[in-house]
Amino acid sequence: MTACRLCGSTSLVSVVDLGATPPCELFLTAEQLDRPETTYPLHLRVCTECWLAQIPPLITPEETFTEYAYFSSYSTSWVEHARVFVEERDLAPDAFVVEVASNDGYLLQHVVGRGVRCLGIEPSANVGRAAREKGVPTLTAFLTPETGAAVRAEHGPADLVVANNVYAHIPDVIGFTRGLRALVADDGLVSIEVQHLLTLMELNQYDTIYHEHFQYYTVASAQRALASGGLVLVDVELLPTHGGSIRLWARPSGEPGPRVADVLAREKAAGLHELSGYAEFGARVAKVRRDLLRFLVDAAEQGRTVVGYGAPGKGNTLLNHCGVRPDLLAYTVDRNPYKHGRFTPGTRIPILAPEQIERDRPDYVLVLPWNLREEITQQLSHVRDWGGRLVFPIPSLEVVQ
């Protein structure tokens with residue numbers, strides 16, 4: 001990688017090198033286990049001009065999102081997060097709402113329920129089909145300036161454009177942002193939720209670094225990215241979702257509000273507007289790896305059983321970086337039936353239905369989607385019945401009674 005994808009600077013500095021892994025959502029079938037897997041370097045760098053953290057665009061969005069394994073509605077807390085978001089919006093009866101990367105209709109179903117006109121733009125045909133089955137109008141497409149202009153010409157400008165957990169997923173930041181601008185009315189609003197680099201760094205959340213996440217935002221870099229496409233950051237909210245996210249509010253015109261200045265000041269105090277804030281991250285990542293491996297090896301030597309819960313993209317970064325195989329983690333389970341009977345990329349750990357945990361009664365359950373801690377702790381409350389314990393690997397290893 002020789003130049004920043006946002007500002008074009010060649011001043012890119014290494015933050016952490018996680019080696020090479022397969023794409024995190026390419027789960028293997030049993031027939032594929034004897035075939036080779038392609039791996040790609042996973043090396044995070046930061047631009048010292050605009051402070052956009054980024055990895056090389058080694059895979060295309062088409063490779064990842066044409067057929068996608070992630071369905072948002074399998075997370076109860078995420079659906080509730082979306083419901084509250086819609087409920088808090090003062091949507092007029094004649095409003096038009098567009099969501100980009102609308103997945104399986106987890107959010108727009110609530111807009112449909114209020115009788116408000118809406119449209120989802122979702123590139124993955126399989127999850128878009130699930131949205132249409134819920135009654136959510138969905139266009140199968142990637143957002144480009146041309147797509148945005150075509151939607152606007154057919155449906156009119158959007159009063160609200162939502163883009164949750166997608167702003168990191170597109171290598172063409174400028175083109176995508178111009179697509180958002182093409183969709184939104186001149187007096188409309190754009191809402192973007194994306195993981196905050198500040199919490200990623202502070203809480204060692206390195207497993208959220210994977211190939212479909214091309215960049216990692218501070219408010220400072222997001223502000224510049226929005227400006228590149230003709231949008232002004234007017235407000236920001238700090239959210240607990242995904243371990244710590246930012247909700248960016250943007251308009252075609254306006255001025256940044258006081259909360260923007262407040263978060264920029266927090267980032268600056270953490271050293272994220274200069275190189276000092278990135279210097280020790282690699283060492284902290286190495287400690288997470290050592291601690292998890294030590295725990296798994298000790299458990300194996302003591303004859304204790306350890307299984308996983310969840311098969312998220314972040315879990316596959318963690319498992320591959322740590323070199324965990326079925327000898328240390330017998331299997332993992334997931335609520336998404338699409339993944340049942342498949343195997344995790346790279347590490348080839350079997351993925352089973354959640355009921356397997358109760359049948360086997362393992363000593364430990366390693367929670368891979370640690371960002372859903374409260375929800376999953378409730379789902380796994382029965383593990384205590386046989387003396388089992390939950391294990392959270394990040395931000396530091398924690399074994400919960």
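Note that the coordinates shown come from a computational prediction; the quantities given were computed from them, not determined experimentally.
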Applying side-chain hydrogen bond (donor to acceptor under 3.5 Å, both in side chains) to Gln378 and Glu374, what does each step give before you reach the verdict? CA-CA 6 Å; Gln378 184 175 359; Glu374 183 176 341; over 6 Å; no
Once you measure the plane-to-plane angle for Trp78 and His81, does it fall in the parallel (<30°), tilted (30-60°) or perpendicular (>60°) bin? parallel
Parallel, tilted or perpendicular, as decided by the 30° and 60° cut-offs, for the rings of Tyr40 and His211: perpendicular
Lys NZ or Arg CZ of Arg178 over Phe176 ring: under 6.0 Å, within 45°: no
NZ/NE/NH1/NH2 to OD/OE distance under 4.0 Å, Arg342 and Glu25: no
Regarding Glu37 and Arg348, does a basic nitrogen lie under 4.0 Å from an acidic carboxylate oxygen? yes
Is the closest basic N to carboxylate O distance between Arg259 and Asp262 below 4.0 Å? no
Kindly write out the residues that satisfy ring pair (Phe, Tyr, Trp, His ring centres under 6.0 Å) with Phe295, not counting sequence neighbours, or none if the list is empty. Tyr364
Between Tyr206 and His321, how do the two ring planes meet: parallel, tilted or perpendicular, split at 30° and 60°? perpendicular
Quick one: is the NZ or CZ of Arg117 closer than 6.0 Å to the six-membered ring centre of Phe96, and within 45° of its axis? yes
Please report the closest heavy-atom contact between Leu368 and Pro312, naming both atoms and the distance. CB-CD, 3.9 Å
Answer with yes or no after comparing the ring centroid distance for Phe343 and Phe27 against a 6.0 Å cut-off, counting only values under it. no
Please report the C-alpha distance between Arg45 and His43 in whole Å, then the side-chain angles of each, then the deciding distance to 0.1 Å, and finally whether the side-chain hydrogen bond (donor to acceptor under 3.5 Å, both in side chains) criterion is met. CA-CA 7 Å; Arg45 299 174 174 89; His43 190 175; 3.0 Å; yes
Would you call Arg181-Asp186 a salt bridge at under 4.0 Å N-O? yes
So His273 and Glu267, side-chain hydrogen bond (donor to acceptor under 3.5 Å, both in side chains) or not? Walk me through it. CA-CA 7 Å; His273 300 172; Glu267 293 174 353; 3.0 Å; yes
How far apart are the closest heavy atoms of Arg132 and Ala125, and which atoms are they? NH2-O, 4.3 Å
